[in-house]
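Before anything else, here's the structure in question.
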Amino acid sequence: MSFKKQLRQEVLAHLSALSQTERSEKQASLYKQLFDSLEWQQAKTIAVTISKQPECETRPVIEQAWKEGKGVFIPRTVTNGRLMEFCSYTHKTDTRDVYGLQEPLLEAISTSKDSIDLILVPGVVYHQNGYRIGFGGGYYDRYLADYRGKTVSLVFEEQLSDKVVAERYDIAVQRLIISN
């Protein structure tokens, strides 16, 4: 088993072991820090995945963005080249399950990178310097290679590791928001 895969499995096991109370407290801390951040306050549009366990729940982030009148975009994979694009997401957007994630249907219209102010980048393991180990597809690193907006990740302290080593194509997240 590869080192990345092993580290990913260890961290996911730690996250899965969190009690519901611990998870709720940590998420509340992350949401408060995010919503108070300059990155969030200045953003008119955000891009975010619809999370799955044991990640930090992103539905409250989406709901808060809608409440504040921000545009919300969620990713959709593009078959050729292991790429992704972001599509507008509202209460009415139909989604489908792809690789265990909710994606907008093919009819949804994608947006340009320039129209997204802030991307919440998912990951499994993070180094303090912003480099991360994701879920293994490299989709975000490819997307972020020429993205000029802000990037933030919501990170449980259990996800931090000094064992993360940046590779040639890895793109660091600009700011880690870490649970207390």
Side-chain angles (χ1 to χ4, degrees), residues 2-65 68 70-75 84 86 101 113 116-180:
S2 77
F3 175 73
K4 274 187 173 181
K5 189 173 184 177
Q6 181 180 349
L7 188 55
R8 189 181 293 121
Q9 286 179 346
E10 288 172 13
V11 170
L12 288 171
H14 286 301
L15 293 178
S16 295
L18 290 173
S19 72
Q20 190 55 47
T21 301
E22 286 177 299
R23 177 176 294 285
S24 294
E25 289 171 358
K26 289 175 183 288
Q27 289 181 150
S29 167
L30 291 172
Y31 301 147
K32 180 174 183 349
Q33 290 179 71
L34 174 65
F35 301 148
D36 288 346
S37 73
L38 197 57
E39 293 89 350
W40 177 268
Q41 292 172 10
Q42 290 179 342
K44 291 180 177 52
T45 55
I46 66 158
V48 59
T49 60
I50 297 175
S51 61
K52 61 180 182 174
Q53 284 292 343
E55 295 176 275
C56 179
E57 175 61 48
T58 57
R59 288 275 180 198
V61 173
I62 293 168
E63 294 289 335
Q64 183 67 27
E68 294 182 22
K70 295 180 188 297
V72 177
F73 298 88
I74 62 172
M84 69 178 189
F86 283 94
L101 294 173
K113 290 181 186 185
I116 299 171
D117 298 323
L118 174 64
I119 298 178
L120 274 67
V121 182
V124 180
V125 189
Y126 295 85
H127 191 280
Q128 288 281 1
N129 64 11
Y131 286 100
R132 66 184 184 60
I133 296 174
F135 289 91
Y139 290 90
Y140 272 85
D141 288 320
R142 280 190 283 285
Y143 190 87
L144 295 174
D146 62 349
Y147 172 70
R148 290 187 287 260
K150 303 289 184 189
T151 58
V152 168
S153 287
L154 302 178
V155 181
F156 292 122
E157 60 191 347
E158 291 80 0
Q159 293 177 272
L160 292 173
S161 173
D162 59 359
K163 297 177 184 174
V164 176
V165 177
E167 295 181 359
R168 182 174 160 188
Y169 296 106
D170 291 345
I171 306 292
V173 176
Q174 295 166 359
R175 179 167 181 211
L176 301 183
I177 295 177
I178 303 167
S179 66
N180 298 335

Thr21: which residues meet the side chain to side chain contact (heavy atoms under 4.5 Å, CB included) condition with it, sequence neighbours left out?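 Expected list: Ser19, Glu25.
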
Within residues 145-180 or reaching into it, pairs that qualify as ring pair (Phe, Tyr, Trp, His ring centres under 6.0 Å) - sequence neighbours excluded: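 Not a single pair qualifies under ring pair (Phe, Tyr, Trp, His ring centres under 6.0 Å).
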
To the nearest 0.5 Å, tell me how far Ser179 OG sits from Arg23 CZ.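 Interatomic distance, Ser179 OG to Arg23 CZ, rounded to 0.5 Å: 10.5 Å.
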
Results of ring-ring contact (aromatic ring centres under 6.0 Å, His included) for Phe86 - residues two or more places apart only: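 Testing Phe86 for ring-ring contact (aromatic ring centres under 6.0 Å, His included), a comparison that skips the adjacent residues, returns Tyr143.
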
Rounded to the nearest 0.5 Å, how far apart are CD1 of Ile46 and NZ of Lys150?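 Separation between the atoms: 16.0 Å.
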
Quick one: side chain to side chain contact (heavy atoms under 4.5 Å, CB included) partners of Gln41, sequence neighbours excluded?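 Counting only residues at least two positions away or on another chain, Gln41 forms no side chain to side chain contact (heavy atoms under 4.5 Å, CB included).
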
With sequence neighbours excluded, residues passing salt bridge (charged side-chain N to carboxylate O under 4.0 Å, His left out) with Asp162: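 In terms of salt bridge (charged side-chain N to carboxylate O under 4.0 Å, His left out), with neighbours along the sequence ignored, Asp162 is linked to no residue.
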
List the residues meeting side-chain hydrogen bond (donor to acceptor under 3.5 Å, both in side chains) with Glu57, not counting sequence neighbours, and say none if there are none.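 For Glu57 there are no side-chain hydrogen bond (donor to acceptor under 3.5 Å, both in side chains) partners, ignoring immediate neighbours.
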
Contacts of Lys32 that satisfy side chain to side chain contact (heavy atoms under 4.5 Å, CB included) - sequence neighbours left out: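 Counting only residues at least two positions away or on another chain, Lys32 forms a side chain to side chain contact (heavy atoms under 4.5 Å, CB included) with Asp36.
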
Nearest 0.5 Å, what's the CG-CD1 distance between Asp146 and Ile171?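 The CG atom of Asp146 sits 9.0 Å away from the CD1 atom of Ile171.
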
If the test is side chain to side chain contact (heavy atoms under 4.5 Å, CB included), which one of Val155, Leu176, Asp141 qualifies with Arg132?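 One option only clears the test, and that one is Asp141.
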
Listed partners of Lys26 passing side-chain hydrogen bond (donor to acceptor under 3.5 Å, both in side chains), at least two apart: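 Scan of Lys26 (side-chain hydrogen bond (donor to acceptor under 3.5 Å, both in side chains), adjacent residues dropped) gives Glu157, Glu158.
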
Within this structure, what is the OG1-CG distance for the pair Thr58 and Leu154, rounded to the nearest 0.5 Å?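 Nearest 0.5 Å value for the OG1-CG distance: 9.0 Å.
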
Partners of Arg168 by side-chain hydrogen bond (donor to acceptor under 3.5 Å, both in side chains), sequence neighbours excluded?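 By the side-chain hydrogen bond (donor to acceptor under 3.5 Å, both in side chains) rule, Arg168 matches no residue at all.
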
Under the side chain to side chain contact (heavy atoms under 4.5 Å, CB included) rule, collect the residues that match up with Ser37, sequence neighbours excluded.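 If we apply the side chain to side chain contact (heavy atoms under 4.5 Å, CB included) test to Ser37, skipping adjacent residues, the hits are Leu34, Glu39, Trp40, Arg175.
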
For residues 117-128, dump all side-chain donor-acceptor pairs below 3.5 Å to protein atoms at least two apart in sequence or in another chain.
{"from": "Asp117", "atom 1": "OD2", "to": "Lys44", "atom 2": "N", "distance (Å)": "2.7"}
{"from": "Asp117", "atom 1": "OD2", "to": "Thr45", "atom 2": "N", "distance (Å)": "3.0"}
{"from": "Asp117", "atom 1": "OD2", "to": "Thr45", "atom 2": "OG1", "distance (Å)": "3.3"}
{"from": "Tyr126", "atom 1": "OH", "to": "Val121", "atom 2": "O", "distance (Å)": "3.3"}
{"from": "Tyr126", "atom 1": "OH", "to": "Gly123", "atom 2": "N", "distance (Å)": "2.9"}
{"from": "His127", "atom 1": "ND1", "to": "Asn129", "atom 2": "N", "distance (Å)": "3.1"}
{"from": "His127", "atom 1": "ND1", "to": "Asn129", "atom 2": "OD1", "distance (Å)": "3.2"}
{"from": "His127", "atom 1": "ND1", "to": "Asn129", "atom 2": "ND2", "distance (Å)": "3.4"}

Listed by chain and number, what are the side-chain hydrogen bond (donor to acceptor under 3.5 Å, both in side chains) partners of Gln64, not counting sequence neighbours?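 Partners of Gln64 under the side-chain hydrogen bond (donor to acceptor under 3.5 Å, both in side chains) test: Glu68.
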
Return the CD1 to CE distance between Ile74 and Met84, rounded to the nearest 0.5 Å.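 Between atom CD1 of Ile74 and atom CE of Met84 there are 11.5 Å.
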
